[in-house]
Amino acid sequence: YIKESIHSKKTDRLDPIAIAKVYYDKEDMRMHETEEDKFHRMKQLNRLYEDKLNHLRKYKVTFQNSLSICFPGFLELFRDAYNEIAMVILNKYPHPDLIKHKQPQTVARYIERHTCHNQTVAMRYAMKVIDFANKTYPGCDKDDIEVKIMQDLLAKVETAKKDAEETLQEIIKIAETMDEYYLLLSIDGIGENLASRILAEIGDIKRFKTREALIAYAGLDPNISQSGQ
């Protein structure tokens, strides 16, 4: 029973109180044993989201190792290494030799067709990648198996990224039905992702009688452990 409380303090003085509550105050023990379905679902989805992010990180590490052989330095061309344009170009041209002799207009048109970006943006990235492809030196030929391996890993990254994003959107959708979500959004530096996931972990904030109780729940205060004098 002591371990089920937020602080789980261990002192001789608290021992008889804990024993008395176990014996006499059974209602107190049942107070937080259940939570509303929406909070429970959000928490479970958040745990699932964290698990998917862990898998995504592993895929990214393996993919980047493979990419450093096939097209070294490619991701450094983009502010967001896994943005839409970068992935579209890499899917079509996974090796420098496949793009360095292409006309910028050809590559730009391909980017336009497969992304939401206009011609100006597409042309800028097309010229940037073609210029880089003529300078970089890959560790394999365009027909080597390493290129195929890299493409397979890229597909796994994209699938895992999409899967994780769908789970996050489901958490946000539930959070949008709660007033607390918009209070969290009003804090500088907290967006949809963080606000919904904080709410998923806190659950029903009415469970906490004081802010100190919430701090203890988050594990941000020191734990006291003493016996006797």
Give a yes or no on whether the backbone of D141 and the side-chain of D144 come within a donor-acceptor separation of less than 3.5 Å. yes
Can L183 be reached from I215 by stepping across I, L, V, M, F, W or Y side chains whose heavy atoms are under 4.5 Å apart? no
With a cut-off of 6.0 Å (strictly less than), are more than 12 heavy atoms of other residues, nucleotides or ligands near CD of Q44? yes
Rounded to the nearest 0.5 Å, what's the gap from CG on L90 to CD on Q151? Could you check? 8.0 Å
Is L75 close to F63 at the side-chain level, that is, under 4.5 Å between some pair of heavy atoms? yes
Measure across F71 and A133 and return the closest heavy-atom pair with its distance rounded to 0.1 Å. CZ-CB, 4.1 Å
Which atom of R197 lies closest to which atom of N193, heavy atoms considered: CD-OD1, 2.9 Å
Side-chain heavy-atom pair K100, T136 within 4.5 angstrom cut-off: no
Taking C-beta and beyond as the side chain, do I69 and V147 meet within less than 4.5 Å on heavy atoms? no
Which class fits the ring pair F78 and Y125: parallel under 30°, tilted 30 to 60°, perpendicular over 60°? parallel
Quick one: do R47 and E201 make a salt bridge, cutoff under 4.0 Å? yes
In this structure, would Y137 and I99 fall into the same cluster of hydrophobic residues linked by side-chain contacts under 4.5 Å? no
Look up atom CD in E176 and atom CD in Q169, then write down how far apart they are to the nearest 0.5 Å. 8.0 Å
Step by step, work out the side chain to side chain contact (heavy atoms under 4.5 Å, CB included) result for H117 and E84. CA-CA 9 Å; H117 294 280; E84 187 181 23; 4.0 Å; yes
Y82 six-ring face occupied by K60 cation (under 6.0 Å, within 45°): yes
How far does CD of Q64 sit from CG of L154, to the nearest 0.5 angstrom? 11.5 Å
Separation of N46 CG from S196 OG (nearest 0.5 Å): 7.5 Å
Is the NZ or CZ atom of R207 both under 6.0 Å from the centre of the six-membered ring of Y217 and within 45° of that ring's axis? yes
Could you walk me through whether I190 and I198 pass the side chain to side chain contact (heavy atoms under 4.5 Å, CB included) check? CA-CA 10 Å; I190 294 184; I198 288 174; 4.2 Å; yes
Hey, is NZ on K102 packed in by over 12 heavy atoms from elsewhere, all under 6.0 Å? no
Applying side chain to side chain contact (heavy atoms under 4.5 Å, CB included) to V107 and V129, what does each step give before you reach the verdict? CA-CA 9 Å; V107 178; V129 174; over 6 Å; no
Would you say T159's side chain and K156's backbone share a donor-acceptor pair under 3.5 angstrom? no
Under the criterion side chain to side chain contact (heavy atoms under 4.5 Å, CB included), I'd like the reasoning laid out for E192 against Y181: C-alpha separation, chi angles, the key distance, then a yes or no. CA-CA 9 Å; E192 292 181 346; Y181 172 70; 3.2 Å; yes
Any donor-acceptor N/O pair, S66 side chain to T62 backbone, under 3.5 Å: no
List the atom of N118, the atom of V121, and the distance in Å for their closest heavy-atom pair. OD1-N, 2.9 Å
Which heavy-atom pair separates P138 from P72 by the least distance, and what is that distance? CA-CD, 3.8 Å
Answer yes if the ring centres of F132 and F74 are under 6.0 angstrom apart, and no otherwise. no
L199 side chain near I171 side chain, heavy-atom distance below 4.5 Å: no
To the nearest 0.5 Å, atom CD1 of I174 lies from atom NZ of K38 at 10.0 Å
Working for side chain to side chain donor-acceptor pair (under 3.5 Å), residues T167 and K52: CA-CA 9 Å; T167 303; K52 290 180 177 181; 2.7 Å; yes
Under 4.5 Å between side-chain heavy atoms, counting indirect links through other Ile/Leu/Val/Met/Phe/Trp/Tyr residues: same cluster for I111 and M127 or not? no
Assert yes or no for the condition that the ring centre distance of Y110 to H114 is strictly below 6.0 Å. yes
Check whether H55 reaches the backbone of D51 with its side chain - one donor and one acceptor, N or O, closer than 3.5 Å. yes
Counting N and O atoms only, with roles assigned by atom type, does the side chain of H95 sit under 3.5 Å from a partner on the main chain of C140, one being a donor and the other an acceptor? yes
Note: I130 and N134 closest approach over all heavy atoms is O-ND2, 2.8 Å
Is K128 salt-bridged to D131, cutoff N-O under 4.0 Å? no
For the OH atom of Y93 and the CG atom of L98, what is their distance to the nearest 0.5 Å? 9.0 Å
With the 4.5 Å side-chain cut-off for hydrophobic clustering, are L67 and L56 part of the same group? yes
Any side-chain heavy-atom pair of I205 and L214 under 4.5 Å: yes
Please report the closest heavy-atom contact between P96 and C70, naming both atoms and the distance. CD-O, 3.1 Å
Determine yes or no for a side-chain-to-main-chain donor-acceptor pair under 3.5 angstrom, with D204 supplying the side chain and K206 the backbone. yes
Hydrophobic cluster identity match, L53 and V61, side-chain contacts under 4.5 Å: no
